[in-house]
Amino acid sequence: MIKIVFKINGSGINAYKLLKDTPKEDLNKTNVIDTKELVFSDVYIKNNLELVSSFLNVIIIKRKINTMIIKDFDITILILDIIKTIPNITDLYIKPDEAVNYDIFLKLLENNYLENLNVYDFPRILLERLDTNKKIVVNTRTEILFISNFMRINNLNTYSDIYYKKSIAISEFAKEDKNDLITFIKINKYLKEINFKEFSIEVFDLVMNLLIQNSKENIKITFDYDKLNNESINVISKYKKVNERTLINSNITFKINYSDEYKKKNLFKQINLNFIKVSLGAVILVIVVMIGINYYKNYVDEQNYLGIENNLKEIIKANQKKNEDESPLDIIEPGDDDNTTTTTTTTSVYDIQYEQVFSSLQEINKDTVGWLTVNNTKIDYPVVQAKDNDYYLKRDFYQNKNRHGWVFMDYRNNPDELNENTIIYAHNLANQTMFGTLRYALNSYWYKKSANQVITFNTPNANMKFQIFSIYTVPTTNDYLDVTFPGSAEFQAYIDLVKGRSIYDFNISVGTDDKILTLSTCASGNDKRLVVHAKLIKES
């Protein structure tokens with residue numbers, strides 16, 4: 001906060017800052033000594049501009065004053081705000097040896113009364129623009145109109161040059177270039193690139209502050225590598241980090257230009273870097289393509305599966321005989337505890353005369369050996385058997401290639417006369433097809449319901465029911481996959497092994513005279529197996 005003195009001297013009035021110390025509390029007060037010397041604080045003038053102008057105008061008219069003399073350069077804009085409404089002030093004299101800047105230029109454009117202007121220097125670019133708008137005679141005290149290095153290097157000779165310039169260079173930057181740079185940034189509307197031919201931290205900060213303050217956008221800042229050192233690189237990097245959000249919002253980017261000599265010296269490194277980039281891009285592309293192919297194949301396989309399932313339903317519908325005495329069963333979803341919510345949707349298990357269906361199924365696939373149904377799951381499929389256990393891992397019921405596979409019996413089993421242990425496999429799929437819902441069996445709410453403990457497996461020769469006596473997961477092993485046993489002792493040892501693994505005691509006795517049905521699928525990828533064992537309790 002400062003005090004400004006207006007002192008009348010003949011036909012002129014001098015404006016300058018009061019240098020003597022003044023108590024802080026008096027700075028906002030008007031202190032009229034006499035009509036020849038007026039004192040106002042700058043804050044008071046800004047808050048009462050019209051009043052101060054009117055007051056001075058009365059004195060100026062009375063004393064026939066026509067000249068305003070500014071002795072302190074930093075009060076120029078404030079004085080121009082005062083005199084723009086005073087018609088009698090036709091001459092303006094700015095005494096300090098400072099060049100007119102763009103802000104003062106804009107204030108001069110607002111004044112309709114000035115006829116003569118005396119200044120130390122007036123940039124030629126602004127002078128040309130002033131001439132087209134005002135009838136002011138400008139007198140400069142320098143011998144020639146000064147052209148700064150900045151203006152010369154960038155060939156800025158006219159106002160339109162400044163306005164439309166798209167790229168500039170910063171080189172040999174001197175103190176007197178600052179005002180021209182400020183003027184350029186304020187006037188220009190098309191700037192896209194600034195190239196630092198030489199680097200100075202002070203000039204770099206000046207340029208960046210001007211860009212941000214004037215809301216410049218979409219500008220690339222480039223640096224010549226040969227002109228940079230570790231300190232300057234660190235300054236640039238730190239600036240980018242600290243002002244990252246501002247730079248992103250304004251789309252201001254940095255780039256280092258490498259010389260041909262540097263590129264030659266680092267050609268091998270660049271080739272290696274480019275090779276790595278290309279290789280990495282190729283790997284990413286391959287991964288994306290593979291994911292896309294995998295997704296597409298999964299989609300095709302699922303659509304094929306849905307078609308097969310619909311065809312099977314039509315076959316069953318045409319051949320089945322509904323058992324009206326069978327009670328409806330609730331379908332449940334897997335959960336972690338006994339409070340798992342059940343859905344109210346119900347299904348009926350049909351006592352299908354499978355011998356009537358199998359002929360239709362075997363016309364489609366001669367490998368059909370049975371039909372498996374597990375209550376309160378989606379497992380309700382015809383079972384096939386091949387000459388090995390690999391064929392139906394990636395083939396569907398129609399024997400077409402399909403990564404979902406199908407439900408199949410171990411190739412070692414005899415489907416006509418069951419072995420001691422009949423094993424049926426299928427994939428544990430996320431879409432809940434095949435054995436994708438066998439995981440329900442690990443839920444206590446499921447395995448404690450008596451209706452769920454009975455598995456139906458029918459063949460062309462017999463309709464069979466099996467009572468579950470063991471459910472478990474186990475790290476991948478083959479010790480439960482024997483289908484026949486040398487003797488009773490070995491069979492009993494097997495029974496004891498698989499019963500001992502069960503997550504629940506079903507209290508079912510199993511002996512060496514029993515026949516066992518084993519359902520096996522993956523659990524937790526390929527690291528574990530989910531296994532269900534049941535013994536034959538009814539055959540018709």
Side-chain angles (χ1 to χ4, degrees), residues 46 73-78 80-81 84 98-111 119 121-130 132-134 146-224 232 235-256:
K46 291 174 183 177
F73 192 76
D74 56 353
I75 65 172
T76 302
I77 290 178
L78 186 57
L80 287 172
D81 280 334
K84 71 181 179 180
E98 298 277 353
V100 168
N101 57 39
Y102 187 65
D103 292 329
I104 293 175
F105 166 75
L106 292 179
K107 291 296 180 181
L108 290 171
L109 290 180
E110 295 176 4
N111 194 299
V119 294
D121 182 40
F122 205 114
R124 187 177 66 185
I125 303 301
L126 298 182
L127 182 59
E128 291 176 356
R129 184 67 174 175
L130 185 65
T132 62
N133 290 273
K134 298 290 179 182
F146 177 76
I147 299 178
S148 68
N149 288 333
F150 171 76
M151 303 291 274
R152 175 178 54 80
I153 290 171
N154 291 287
N155 197 28
L156 300 173
N157 299 312
T158 66
Y159 188 90
S160 59
D161 288 340
I162 293 179
Y163 189 86
Y164 292 105
K165 191 74 171 178
K166 292 183 179 180
S167 64
I168 58 171
I170 304 294
S171 179
E172 302 176 15
F173 200 86
K175 181 179 179 182
E176 54 268 22
D177 293 326
K178 180 177 179 180
N179 281 338
D180 284 340
L181 175 62
I182 294 172
T183 299
F184 174 84
I185 295 297
K186 289 184 177 182
I187 294 175
N188 182 272
K189 300 298 181 184
Y190 293 89
L191 185 63
K192 295 298 179 185
E193 181 176 354
I194 299 175
N195 177 228
F196 280 83
K197 296 293 185 182
E198 294 182 355
F199 186 84
S200 158
I201 297 175
E202 181 181 358
V203 177
F204 172 73
D205 287 338
L206 171 64
V207 170
M208 297 311 301
N209 288 335
L210 287 173
L211 294 178
I212 301 304
Q213 290 168 7
N214 290 275
S215 303
K216 298 296 183 180
E217 297 180 341
N218 305 316
I219 295 176
K220 179 170 65 175
I221 312 294
T222 63
F223 308 89
D224 287 350
S232 56
V235 168
I236 296 169
S237 299
K238 184 177 180 180
Y239 185 89
K240 286 176 62 178
K241 184 176 181 180
V242 173
N243 300 279
E244 180 179 10
R245 183 176 295 277
T246 301
L247 295 174
I248 291 174
N249 291 339
S250 300
N251 193 26
I252 296 176
T253 58
F254 294 164
K255 180 185 177 182
I256 295 178

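We number each residue from 1, following the sequence as shown.
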Would you say Lys216's side chain and Asn188's backbone share a donor-acceptor pair under 3.5 angstrom? yes
Return the minimal non-hydrogen interatomic distance between Tyr163 and Tyr190, and the atom names on each side. O-CD1, 3.4 Å
Which is it for Ile187 and Leu126 under the side-chain contact (heavy atoms from CB on, under 4.5 Å) test, yes or no, and what are the steps along the way? CA-CA 10 Å; Ile187 294 175; Leu126 298 182; 3.8 Å; yes
Lys220 side, atom NZ; Glu193 side, atom CD - distance, nearest 0.5 Å: 4.5 Å
When you look at Ile170 and Phe204, which way does the side-chain contact (heavy atoms from CB on, under 4.5 Å) test go after all the steps? CA-CA 9 Å; Ile170 304 294; Phe204 172 73; over 6 Å; no
Taking atom CG of Leu191 and atom CD1 of Ile219, what is their separation to the nearest 0.5 Å? 4.5 Å
Closest approach of Leu181 and Leu206, non-hydrogen atoms and distance? CD2-CD2, 3.8 Å
Is any side-chain heavy atom of Lys186 closer than 4.5 Å to one of Ile182? yes
Glu217 versus Asn251: any side-chain heavy-atom pair under 4.5 Å? no
To the nearest 0.5 Å, tell me how far Thr253 OG1 sits from Ile221 CD1. 7.5 Å
Please work out whether the ring planes of Phe223 and Phe254 are parallel, tilted or perpendicular, with thresholds of 30° and 60°. perpendicular
Quick one: does any side-chain atom of Lys165 pair with a main-chain N or O of Phe184 as donor and acceptor, under 3.5 Å? no
Hey, what do you get for CD1 (Ile104) to OG1 (Thr76), rounding to the nearest 0.5 Å? 4.5 Å
For Leu247 versus Lys240, what's the shortest heavy-atom pair and its separation? CD1-CA, 3.8 Å
Measuring only between side-chain heavy atoms, which start at C-beta, is Asn179 closer than 4.5 Å to Tyr102? no
Straight-line distance of Asn243 CG to Asn249 CG, nearest 0.5 Å: 11.5 Å
Okay, side chain of Asp180, backbone of Asp177: is any donor-acceptor separation there less than 3.5 Å? no
Calculate, to the nearest 0.5 Å, the distance between atoms OH and CD1 belonging to Tyr239 and Ile201 respectively. 13.5 Å
Tell me whether Glu202 at atom CD has more than 12 heavy atoms from other residues, nucleotides or ligands lying less than 6.0 Å away. no
Indicate the atoms forming the closest heavy-atom contact of Phe73 with Ala99, along with that distance. CZ-O, 3.5 Å
Looking only at heavy atoms, the pair that brings Lys197 and Asn195 closest together is CE-OD1, 2.7 Å
Under the side-chain contact (heavy atoms from CB on, under 4.5 Å) criterion, do Arg152 and Asn149 qualify, and how do the steps go? CA-CA 5 Å; Arg152 175 178 54 80; Asn149 288 333; 2.9 Å; yes
Closest heavy-atom pair and its distance - Glu172, Glu198: N-OE1, 3.5 Å
Does Met208 reach the side chain of Leu211, with side-chain heavy atoms less than 4.5 Å apart? yes
Test item: Asn154 side-chain N/O and Ala169 main-chain N/O as donor-acceptor pair under 3.5 Å: yes
Answer yes or no: is there a side-chain heavy-atom contact under 4.5 Å between Phe199 and Ile236? yes
Verify, without hydrogens or angle tests, whether Asn101 (side chain) and Asp103 (backbone) share a donor-acceptor contact under 3.5 angstrom. yes
